Asks: 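If you scroll down you'll find the structure; I have some questions about it.
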Amino acid sequence: MPRFGSGLLVLTAPLGALPRRAAAALAAAAGVVAGPLYVHLQPGLRLAAPAPRPAAPPAGPALLRALAALYAAAAAQRGLDVRVLLGPGRRLARPPRVLLAAAAEAPGPPGPVELGLRQLAAAAYGCPPRLPALLLGGPEEPGGDPEEDPEDPEAALPDFSDVAVGGTFDRLHGAHRLLLSACCLLARQRLLAGVADGDLLRHKVLTELIEPYELRAAKLREFLEDVKPSLRYDIVPLVDPYGPSVTDPDLQCLVVSEETRRGGEAVNKKRLENGLPELALYEISLMKDPDHGQNEEEKISSSSLRQRLLGTLLRPPRQDPALPSRPYVIGLTGGTGSGKTSIAKLLGHLGAFLIDADKLGHAVYVPGGPAYEQVVAAFGAEILNEDGTINRKVLGAKVFGNQERLKTLTDIVWPEIARMIKEQIKEADAQGKAVCVLDAAVLLEAGWQDMVHEVWTAIIPEEEAVKRIMARDGLSEEAARSRLQSQMTNRQRVEQSQVVLCTLWEPDVTRKQVEKAWDLLQQRLSQERSL
C-alpha cells in the first residue's frame, strides 16, 4: 500500500484505555502515513451512528495521561509527526489525505464506519467528502477495557486567560508536544511562547545543529494552530532567561517541567521586583526515552535528537555533472582541535583512499616544489632557513592577521595543492578505490568543495577545542582562542556540510559515528549504482 502524505486518525476508546492502546494504534498508522498524523480523540463516539458530531474530551488528568502515552508512543516511530488535536476549528495546515480508525473501536460493517469517518472529518476540519477511509487492524490488548474512567469534576485542569512557556523548541519532539498541549489546555485566550535564541544557545549540546530561530518559530506556530486554533499565539525570541514573562501584566500562569521549575521561581521573583503578581507554576513531568543511547539523556530531549543526526545525511549531495561518479570523493574538514585527523584514520581503516591536504601543502613549499619560487619572491629571503627551506613559522607570522598578505599567499599555494589533489584522486581511481577522502582543514575556504561530492565536517565545542590546542601545541589560552577565532566557525562549516561528526565523547562513540556515516554512505552509493 502506498503511504499517504498526511492522515487523520480518529480514536474513540475511553481515555483510560489509551495508554495501553497508543503504541499499537500509532505503529499501525505509521505504516500508512508518511507525513503529519493528526489524532482526533472522542471517547465513546460511535462512528457508524448517523452524522457523528465532533466534540473535544474534557481537559483533565486523564486527557493529559492519554496525551503523554500518545506522544511517548510516537517517539518510538522515528520521524512520525503526531499532532493530537484539542479542538475542532480551522482547516489543518497539511490537510489529511487519508482517514483512519482502529478496527477494534469501530464495530459494525465497514461502510457506515467509513462514511462516519468522512462526515466527522468534514464537520470538524473541513476535509473533502471523498477521502480514502481505512480501518486499522492489529491485535486486541489483553484484559479488555477498563471502566469508562469518569472524570472527577474536581480533578479538572485549572484554566487561565493568558499562559506562558519557554524553550528551545528545536525539532519538536514528544516532550515538547506534551508541554505545548498542556499549555493549550490551560489557556483560554492566549499562549505566549518564548523561543530561546542568541546567547541562550551557546552552551547547548551541538548548538551548531540547532535549527534557525525563524524555522523553529514557524514549526511551533504551525503545530499550535493545528492543535488548538481558538487561541491567540504570541511567539517571541528569548535572548535572556526571562523575556516578557517578567514584564507582561496579563500573564497568569507559566508552564514548566521538573528541570525548569527553578527558572519559573526566578521569574516570579523578578515579577515581584517589578510590582507584578506571581504566576501560577504548572509543572509537566519529563518523558522518559526508552531508546536513549550512550551519552544521551534519559529523557526525550532535543540534545539527544541532535546527537542522532551525527553521521547522517543532513542535506542532499552535490549534483555536479563535471564530477566523475568514481571515485566518490568526501571532503573532510574541521577546525583546529576538532578531531578531524582521527576521523580520517577511521575512514581509512574502513577502506577509503586518504588524501592529506596538509602533507601536500608541505610539499609545495620545499625547494623545487611548485610554489617555492613564487612564495620566496612574494615574501622575501627573510622567510628562508639557512639551508634554503622556507621557515613556515616565519611565513605564518608575516600573514597572520593581515588579510591582504594571506590572500597573496593562498593565491599562490592553493591552486598548486588543488592540482596535486586532483592527481591523487586519479591515483585512487587507478587503484580501484570506490571512496576517496580529502582531509583538508581549509576545504571550504579554498573552494575545494567543487572537487568533492559531499562535505563532512568534524566539530567540537570551542572550550574543548581550546583545551586540546593548549595541550597539543603548548599554547596559552589566549593564543589558542586567537587561533580558533582566525578560522571559519563551526556553524559556517555545518551550513555547507552534508554530514557532521563530533569527537566530544569517548573514542568509541566517535568510531560508532564514523561507522554509521560510512554504512549510510555505502547505502547511498549502492542506490546510485542500481539506478
Side-chain angles (χ1 to χ4, degrees), residues 9-23 25-26 37-45 54-76 80-89 145-167 169 172-191 193 220 223-224 226-231 233 252-261 264 279-290 299-301:
L9 171 63
V10 177
L11 297 177
T12 61
L15 291 178
L18 277 178
R20 289 189 300 105
R21 292 187 169 197
L26 293 190
L37 176 66
Y38 298 104
V39 180
H40 175 95
L41 301 180
Q42 196 160 340
L45 177 71
L63 178 56
L64 270 183
R65 288 193 295 272
L67 290 171
L70 285 163
Y71 284 124
L80 186 62
D81 177 4
V82 171
R83 308 177 189 189
V84 184
L85 305 171
L86 300 176
D145 282 338
E147 294 293 325
E148 276 293 322
D149 194 17
E151 284 282 343
D152 178 353
E154 295 182 4
L157 299 179
D159 66 343
F160 307 89
S161 63
D162 292 65
V163 173
V165 70
F169 300 118
L172 289 180
H173 52 65
H176 288 143
R177 292 167 194 244
L178 178 61
L179 177 73
L180 294 166
S181 297
C183 294
C184 291
L185 292 174
L186 295 170
R188 292 194 308 272
Q189 296 179 8
R190 177 178 69 125
L191 174 61
L220 180 60
F223 175 81
L224 289 169
D226 268 346
V227 166
K228 193 172 181 182
S230 60
L231 294 179
Y233 297 106
Q252 297 178 336
C253 173
L254 179 65
V255 181
V256 298
S257 70
E258 299 164 39
E259 288 184 337
T260 60
R261 175 173 270 283
L279 301 176
L281 299 182
Y282 191 90
E283 184 177 309
I284 296 294
S285 298
L286 297 172
M287 290 177 64
K288 299 294 184 183
D289 184 350
K299 63 172 185 173
I300 294 177
S301 72

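Computed from a predicted model, the values in this text were never measured in an experiment.
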Asks: Side chains of Q42 and V10: closer than 4.5 Å at any heavy-atom pair?
Replies: no
Asks: Where is the tightest heavy-atom contact between H40 and P54, given as atom of each residue plus distance?
Replies: CE1-CB, 4.1 Å
Asks: Taking atom CZ of R188 and atom CG of D162, what is their separation to the nearest 0.5 Å?
Replies: 8.5 Å
Asks: Could you walk me through whether Y282 and V163 satisfy the side-chain contact (heavy atoms from CB on, under 4.5 Å) test, starting with their C-alpha distance in whole Å, then the side-chain angles of each, then the deciding distance to 0.1 Å, before giving a yes or no?
Replies: CA-CA 10 Å; Y282 191 90; V163 173; over 6 Å; no
Asks: Closest heavy-atom contact between Y233 and L224?
Replies: OH-O, 3.2 Å
Asks: State, with a plain yes or no, whether a side-chain heavy atom of L63 is found less than 4.5 Å away from one of P58.
Replies: no
Asks: Taking the side chain as everything from C-beta on, heavy atoms only, tell me whether L70 gets closer than 4.5 Å to L11.
Replies: yes
Asks: Nearest 0.5 Å, what's the CG-CG distance between L231 and L86?
Replies: 9.5 Å
Asks: Any sub-3.5 Å donor-acceptor pair from Q189's side-chain atoms to S161's backbone N or O?
Replies: no
Asks: Which atom pair, heavy atoms only, marks the closest approach of L178 to Y71?
Replies: N-CD1, 3.9 Å
Asks: Look only at the side chain of R65 and the backbone of G16, and say whether a donor-acceptor pair between them is shorter than 3.5 Å.
Replies: no
Asks: Does the side chain of L9 reach to within under 4.5 Å of the side chain of L26, using non-hydrogen atoms?
Replies: yes
Asks: Do R177 and D81 have side-chain heavy atoms sitting under 4.5 Å apart?
Replies: yes
Asks: Heavy atoms, side chains only, cut-off 4.5 Å: are L180 and F169 in contact?
Replies: yes
Asks: Is there side-chain contact between V84 and V82, with heavy atoms separated by less than 4.5 Å?
Replies: yes
Asks: Do L185 and L64 have side chains that approach each other closer than 4.5 Å (heavy atoms only, starting at C-beta)?
Replies: yes
Asks: Over all heavy atoms of both residues, which pair between S181 and L67 is shortest? Give the atoms and the distance, please.
Replies: CB-CD1, 4.0 Å
Asks: Might you point out which heavy atoms bring P43 and P14 nearest each other, and give the distance in Å?
Replies: CB-CA, 4.1 Å
Asks: Might you point out which heavy atoms bring L15 and L41 nearest each other, and give the distance in Å?
Replies: CD2-CD1, 4.4 Å
